[in-house]
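Below is one structure, written out as structure tokens; comments come after it.
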There are 2 protein chains.
Amino acid sequence: MADKVTIATVAAHANVSRQTVSNVLNTPHLVREETRERVREAIAALGYRANQAARLMRTGRSHLLAVRIEPTHDGINGSVLDRFLHGLTEAAAPAGYRILLYAAADDQAEIATYDELLATYELDGFVLTSTHHGDVRTSWLAERAVPFVTFGRPWGRLSPERGAERLARSLPASGAGASEASQLAEPWGRLSPERGAERLARSLPASGAGASEASQLAESWGAPDSHPWVDVDNATGTAAATKHLLGAGHRRIGFIGWPEGSGVGDERRAGWAGAIGGDLPELARATVDGVAEGEAAARDLLSMPDPPTALVCASDSLAAGAYGIASPGVAVTGFDDTAVARVLGLTTVAQPLAEAAARCVDLLAGVLDGGTAPRPVLLPPSLVIRQSA
Amino acid sequence: MADKVTIATVAAHANVSRQTVSNVLNTPHLVREETRERVREAIAALGYRANQAARLMRTGRSHLLAVRIEPTHDGINGSVLDRFLHGLTEAAAPAGYRILLYAAADDQAEIATYDELLATYELDGFVLTSTHHGDVRTSWLAERAVPFVTFGRPWGRLSPERGAERLARSLPASGAGASEASQLAEPWGRLSPERGAERLARSLPASGAGASEASQLAESWGAPDSHPWVDVDNATGTAAATKHLLGAGHRRIGFIGWPEGSGVGDERRAGWAGAIGGDLPELARATVDGVAEGEAAARDLLSMPDPPTALVCASDSLAAGAYGIASPGVAVTGFDDTAVARVLGLTTVAQPLAEAAARCVDLLAGVLDGGTAPRPVLLPPSLVIRQSA
DNA sequence: CACCTCGCTTTGAACGTTCAAGAGGTTATT
DNA sequence: AATAACCTCTTGAACGTTCAAAGCGAGGTG
């Protein structure tokens with residue numbers, strides 16, 4: 001009873017060989033039904049469970065996925081990662097995977113950790129968060145053919161030579177020197193038809209901002225370093241918030257976001273710009289994230305001659321600051337549906353984190369198990385309406 | 001280069017046998033210095049890393065610790081777990097351990113998961129959070145001699161028979177029917193001398209509440225199901241907040257907490273009661289956690305004939321609700337230093353989460369590696385003063 | 001009848017590590 | 001001088017699983 005139950009124990013109990021038990025577990029169709037049943041009964045009776053370490057040694061598959069746990073920056077957005085992790089863990093278990101955590105101070109340290117984890121634990125794959133422009137992590141992993149998914153689309157930007165080289169390796173059939181037009185066309189095709197069309201329709205009508213957003217997306221999307229990813233459509237989120245404000249009668253709607261260059265921030269601004277019919281720089285402020293910063297930016301916007309009557313903010317932190325000093329009539333929206341938004345009563349954009357996590361696992365499991373070609377997933381956020389707008 | 005570097009590769013490169021390489025890694029003192037150096041150079045030159053799976057198969061040590069990731073209840077306290085997890089991950093790595101996540105809906109599911117994880121991944125140990133009265137998880141683990149630490153002290157409460165039975169098994173030498181006095185005396189001795197004395201001095205002087213708190217602690221502490229734990233001294237936290245209010249001139253200080261029976265909640269109330277010189281039920285309200293609940297309780301307290309001028313709350317959620325409706329003169333304190341407290345400017349009690357996590361790893365690693373007898377660790381929280389009090 | 005194929009099952013080896021035992025040489029002990 | 005004790009290192013086996021190959025009986029084919 002207390003002794004370890006191995007495949008040999010089961011084999012003896014069912015009067016078959018080790019390999020037959022293994023086959024029942026891994027390739028049941030090779031085993032005669034009667035035998036299969038007998039083995040299954042033995043497994044159940046003995047409470048046998050396959051030893052992952054031994055299995056790993058033979059197959060090289062650890063069934064372990066790694067995720068980086070970041071220090072919470074200002075704590076406000078911390079719960080986002082928290083919820084995402086929970087979603088990952090829940091989604092991974094039924095697929096037969098477990099989540100391993102690692103910490104890293106920066107991208108270089110993170111790469112060192114990959115190396116370490118791959119060498120010692122033979123991890124099956126990685127889930128990366130916080131992708132950004134010029135992300136060295138994805139190329140490192142891709143070069144070594146390590147399966148991974150990013151939560152956050154790739155923001156691309158490799159040097160031309162490297163890009164061409166990698167493209168030639170990964171897509172030998174397609175034209176390496178594809179024209180801009182084909183690069184623009186192809187990526188959309190990778191989305192599921194409905195989503196792709198829906199998104200295309202939504203992005204293109206908008207004037208300058210919409211177009212530049214689309215081409216930027218295409219650039220990274222069809223780029224040689226493309227890889228499976230899951231993302232929430234940030235632009236749709238801020239657009240929804242903006243439309244909600246328009247519907248409430250607001251005509252001058254300001255935007256408080258982050259400095260240009262952060263993909264996510266640019267997207268959120270593009271959503272706002274698209275909804276009001278074009279980017280109006282005089283109505284937008286860019287600042288690093290933070291409550292005090294949001295307050296300052298809001299003060300600045302609200303003190304202009306013809307001030308906005310509503311503010312769309314790129315984060316709940318900024319929104320919290322803005323809401324704190326805005327006079328009652330001024331509407332404010334945030335982003336992320338954090339606890340702070342809940343407590344303050346901020347209307348905010350909620351990301352479907354559990355869904356996003358589940359799709360990350362799907363994609364990774366697909367690559368690992370099925371070898372299916374992973375398609376990017378873009379999820380729509382939802383607007384949570386509270387009293388602030 | 002691309003080929004796997006195993007211990008055999010290193011052995012060949014250094015002109016020694018496999019076992020010698022193994023000895024250099026695990027029992028270096030058995031190897032002559034010159035050989036040791038040669039092997040180490042080979043290891044460095046080849047970039048060898050021990051394969052954990054193979055090592056695990058032989059030794060039964062996975063170097064993996066598991067932690068449950070809970071769904072964030074109301075999101076406000078979510079970041080607490082988040083920070084704790086980050087601390088664990090960071091502390092575990094240098095000690096040679098990695099953190100594995102698992103999700104479970106309730107204690108029973110959690111136990112099933114233990115079983116699964118132990119059988120398939122041969123986990124080395126568990127870190128449990130959210131310990132509570134009648135926790136079945138700890139006894140399950142203890143019965144199977146699985147190493148674990150809890151973040152949160154044991155709240156005990158086994159049926160007498162089971163207690164006696166387990167006591168007889170685990171402490172064959174000591175008297176099973178120990179008197180209350182010895183139970184009270186012994187536990188304090190397990191703390192480091194200074195801490196024990198400090199804590200004893202702090203708890204006992206208080207009148208009714210302090211005494212009952214102390215005996216309750218003793219009961220669970222010296223209880224047969226005691227195990228290594230790390231906790232933050234909740235009572236000290238609320239006491240510090242209360243003293244801060246007393247120092248600011250407040251004389252009638254109310255308390256908003258949770259229904260009796262949650263160990264943590266009772267402790268936080270005891271801290272308040274101790275600081276004001278005794279538990280005054282008319283100044284205390286108990287409710288489930290939540291912003292709206294905090295608001296209601298505060299309204300109730302503040303509408304009494306001789307209302308309190310300050311409110312000590314058992315959580316930032318409750319405090320957020322209370323602070324929202326309290327008139328400017330009324331001071332409010334929370335607990336946990338969440339993002340909400342930061343944004344609202346709530347004075348609150350901060351738990352040293354990174355430190356707590358590190359101590360959890362220390363204790364667990366101590367049991368696993370050194371076989372040292374683990375001593376409970378009680379950490380002092382700190383008061384973060386903001387404008388709310 | 002000899003041979004091949006098919007369905008099901010078994011056998012031996014291997015994954016990379018550590019344990020248990022022992023080999024060979026040098027030094028200490030009696 | 002014989003023997004024990006020690007130090008250093010090596011050899012074979014084992015952990016629990018799956019891979020690769022082969023065994024074996026039944027049925028089909030030339």
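Protein chains get the first letters and strands the later ones, always in sequence-line order, with residue 1 at the start of each.
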OP1 or OP2 of C:dG16 sitting under 4.0 Å from any side-chain N/O of A:Tyr121? no
B:Arg32 side chain N/O closer than 4.0 Å to the phosphate oxygens (OP1, OP2) of D:dC7? no
Can you tell whether the side chains of A:Arg49 and B:Asp115 come within less than 4.0 Å, N to carboxylate O? yes
Would you say A:Ser22 reaches D:dT17's phosphate, i.e. side-chain N/O to OP1/OP2 under 4.0 Å? no
Ignoring hydrogens and angles, state whether a donor on the side chain of A:Arg61 or A:Tyr97 is under 3.5 Å from an acceptor on the partner side chain. yes
Would you mind classifying the nucleic acid contact of A:Ala50 as base, sugar-phosphate or nothing, using non-hydrogen atoms under 4.0 angstrom? sugar-phosphate
Does the base of D:dG12 carry an N or O that pairs as donor and acceptor with the side chain of B:Arg18 under 3.5 Å? yes
In terms of side-chain heavy atoms of B:Ala54, which of C:dG16, D:dT11, D:dT8 is nearest? C:dG16
So, is A:Thr20 close to the C:dT10 phosphate, meaning a side-chain N or O under 4.0 Å from OP1 or OP2? yes
Against the side chain of A:Thr35, the closest entry in D:dT8, C:dG16, C:dC8 is C:dC8
Please pick, from D:dT17, C:dT9, D:dT11, the nucleotide with the shortest atom-to-atom distance to any side-chain atom of A:Asn51. D:dT17
Residue whose nearest DNA chain D nucleotide is more 5′ - B:Leu30 or A:Thr59: B:Leu30
Please tell me if the side chains of A:Val146 and A:Tyr114 come closer than 4.5 Å, counting only heavy atoms from C-beta onward. no
Can you check whether B:Asn23 has a side-chain N or O nearer than 4.0 Å to OP1 or OP2 of C:dT18? no
Do A:Arg55 and D:dT17 share a donor-acceptor pair, side chain to base, under 3.5 Å? no
Is the shortest side-chain N/O distance from A:Ser17 to OP1 or OP2 of C:dT10 below 4.0 Å? yes
Whole angstrom is fine here: how far is it from CE in B:Met57 over to C1' in C:dT18? 11 Å
Out of D:dT10, D:dC15, D:dT17, which nucleotide sits closest to the side chain of B:Arg58? D:dC15
